[in-house]
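Down below is the structure, laid out as structure tokens.
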Amino acid sequence: MSQVSQSALILLIGAGTTLLVSLAGNALGLVIGTSICLMRLSQARFARAIAIAYVSFFRGVPLLVQLLIVFYFLPAVGLDMPPFVAAIIGLGICSAAYQAEHLRGGFLIIPRGQAEAAHALGYTPTQTRRYILIPQAMRAAAPALVNEIILIVKASSLVSVVGVADLMRVSQNIVARDLRPIIWYAAAALIYFIINVVLARIGQAVEWRLNVGHVKGTL
Amino acid sequence: MDMSLFVRYGPQILVGLKYTVVIWVIGSIFAILLGFLLGFALSFGNRSMALLLRGYVEFFRGTPLLAQLFLLYYGGPSVGITLDASTVGLLGLGLYGSAYFAEIFRAGFASIPRSQFEAAASFGIPKLAQLRYVTLPQIFVLVIPPSTNLLIVLLKDTAVLSILTVPELTFQVTGMTIETFVFIEPFVALAAVYWTLTELVAFLGRRLEVRVGRYLQP
Amino acid sequence: MTQIADAEAALPAEPDLIEVSHLSKWYGTHQVLKDVSFAVKPSEVVCIIGPSGSGKSTLLRCVNFLEDFQQGSVTVRGKTVDYTTWRSGEGARDMRSNINQIRREVAMVFQQFNLWPHMTVLENVAQPLVLVHGNDRRQARERALHMLEKVGLTAKADEYPIRLSGGQQQRVGIARALAVEPAAILFDEPTSSLDPELVGEVLQVMKGLAREGMTMVVVTHEMHFAAEVADRVIFLDDGAKAEEGVPSEILLNSRNERTRRFLQTWVERNSLFGENSLRSAQK
């Protein structure tokens, strides 16, 4: 196999790593973000305060700094993890702050009467949340959540700094050998672009599927 | 933790802070101005220009900032563009930001109902005056929240410049941690500094929103 | 201090199903309900009328605690929730349990229908049966279908609410309320959001329920309905009960100045037919 095709293959593997890290980070972010969102909306003032502080901090600090902190913090508390895992954790914690806000937007858009009907019929708060509010909030937040995946893919370019062999890191390695920066960095940029376009398409399809028969413009 | 660390590295950190703020401010101004022109051209220009500009915008919005910076910094010399790290950082941030501002302004222009222009035209007001007295004041209010957001994003993205060895804040602190082998506390302090800065900008943005949006209050 | 008042111990001839006693509510310094009291006996239809902002909906929503209140008490089927229980922390669990039980016995139909858009019509009607009343899925489905039949919407069982007209959605809302076999149904301006041509189908269903002996408390602007169906009409003005009586009294021969003023236009428009609709109201 020629040098170029070998490098191209490596590039694609790097792209795969990028996708993996991004999707895993996004999934983690959704789980954490849902908890933060529920805390944000809870009756307990303390829980609300923590959620507000969380969102403010992780949206107010550069991702790079967050990744560096996670990268050095984990071994310090005895959790020796490969950079790959540390990166997923870092991305997840950061993304959670954004996803929590998107979900909160989804909840806020639900008309009050929905929960009132449930309460009037004797639903407990937990039942109301689980059967009435969360399904609708998720549906409303879906566009923003899908967009979040696209943003994470771009942001994941920073994990190259903490030693993950993602698309950026891999292209850097290739350029170090090959000495033709424009071709390979442009190729990397193009791959990011294509990934985003594809994700956007998938996102549109998912949204369409969710809304069919349910929504006529608004909930 | 040894507080004397901060004293010893104080000057370097201040240099870093200066770079961060200066690059952010100049880069943002550049991004806003260029973005405004692009947004205007996208809204009112002819088809072929709009298509070209759309390509520009999609490129800068669809690829990571880091990839763009690498292309410019490492790839530039191959086509005769040899710039130092800070210039690349500034230019890169500015071009990146301009694409996002272009979208914000385009959306702002698009929000003005056609009837406004018709009303102005019927009074015989020339296009430029229209822009200045009719269009701009109205989109100003609409444009501020997403712009504040974007400015905060750009501030945070100055940290990415450290990868290019631009001597801004993150670069200086990273250097400090490498020399002293103390990692967590400096980075946490660094995070606190960014947090303070971004909250400040957000606060000012909210105040501006209120000031400018007064005429909308019933 | 016992928090649960059990009225069953002192039974008069016909115990009140719902009793609202000296209810007062403030929003900040503004008093929206002023010492309102009324009672509803089983199978009675009570209509609450009055100008916008008079507190009619608020009053109704206090009965099933969608709104809280600062003074007074609400008793449904012997379970009471009163001001002192609400405000003090004592017996909070008993109080919550009372509220819960009251909500299981009294259903509500809303002005905005409040159907859940992400579930089919059938699921809307059946789910409360499963979640609150412990039915298994099959039982719930059967009962839900039965209720939909009652309101004439079996054909729409598997549709989503978005596809139904306003009148159809409200009928589903009524089916949902009926399905849980409530002791009484509260109607909060059930036809106010409907296009005029759709109002009839909903009122039709409601009249049917009244004929069958369902206990109903209806906040409404539809005076015809009140004239035809109500056993009693309450006129609420600025948060206070201004007048209460049988429809013929209130609607045609009110002794109260404010009531007369409020009903002025209606009476004028209906003086020709007024007598007839009242005759049909003899139950």
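Residue numbers start from 1 in every chain, and the chains themselves are labelled A, B, ... in the order their sequence lines are given, proteins ahead of strands.
- The two residues A:Ala140 and A:Ile109 make their nearest non-hydrogen contact at CB-CG2, 3.9 Å.
- A distance below 6.0 Å separates the ring centres of B:Phe36 and B:Phe109.
- In this view, A:Leu12 and A:Ile191 satisfy the side-chain contact (heavy atoms from CB on, under 4.5 Å) rule, not counting sequence neighbours.
- Applying the side-chain contact (heavy atoms from CB on, under 4.5 Å) criterion to B:Met49, with sequence neighbours excluded, gives B:Ala41, B:Asn46, B:Leu53.
- Considering only heavy-atom pairs separated by less than 4.5 Å from chain B, the leading option among A:Ile150, A:Leu190, A:Val61, A:Val175 is A:Val61.
- B:Glu209 meets the side chain to side chain donor-acceptor pair (under 3.5 Å) test with no other residue; sequence neighbours excluded.
- Nearest heavy atoms, B:Leu71 versus A:Ile182: CD2-O, 3.9 Å.
- Taken from CG in B:Leu69 to CG in B:Leu93, the straight-line distance is 8.0 Å, to the nearest 0.5 Å.
- Looking at A:Ala189, the atoms closer than 4.5 Å to chain B (heavy atoms on both sides) sit in the backbone and in the side chain alike.
- Taking each heavy atom of B:Leu142 and B:Ser111 in turn, the nearest pair found is CD2-OG, 3.0 Å.
- Of the two parts of B:Phe183, only the side chain, counted from C-beta on, holds a non-hydrogen atom closer than 4.5 Å to a non-hydrogen atom of chain A.
- Your options are A:Pro62, A:Ala188, A:Ala76, A:Pro181, and the one with the most heavy-atom pairs under 4.5 Å with chain B is A:Pro62.
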So which N and O atoms of chain B and chain A form donor-acceptor pairs under 3.5 Å?
unit_1, atom_1, unit_2, atom_2, d
B:Arg61, O, A:Lys154, NZ, 2.5
B:Gly62, O, A:Asn196, ND2, 2.8
B:Tyr100, OH, A:Lys154, NZ, 2.8
B:Lys156, NZ, A:Arg59, O, 2.7
B:Lys156, NZ, A:Tyr98, OH, 2.8
B:Trp195, NE1, A:Ser56, O, 3.3
B:Trp195, NE1, A:Ser56, OG, 2.7
B:Thr198, OG1, A:Gly60, O, 3.0
B:Glu199, OE2, A:Ser56, OG, 2.8

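- Taking B:Ala202, B:Gly75, B:Pro77, B:Gly76 one by one and counting their heavy-atom pairs under 4.5 Å with chain A, the maximum is reached by B:Gly75.
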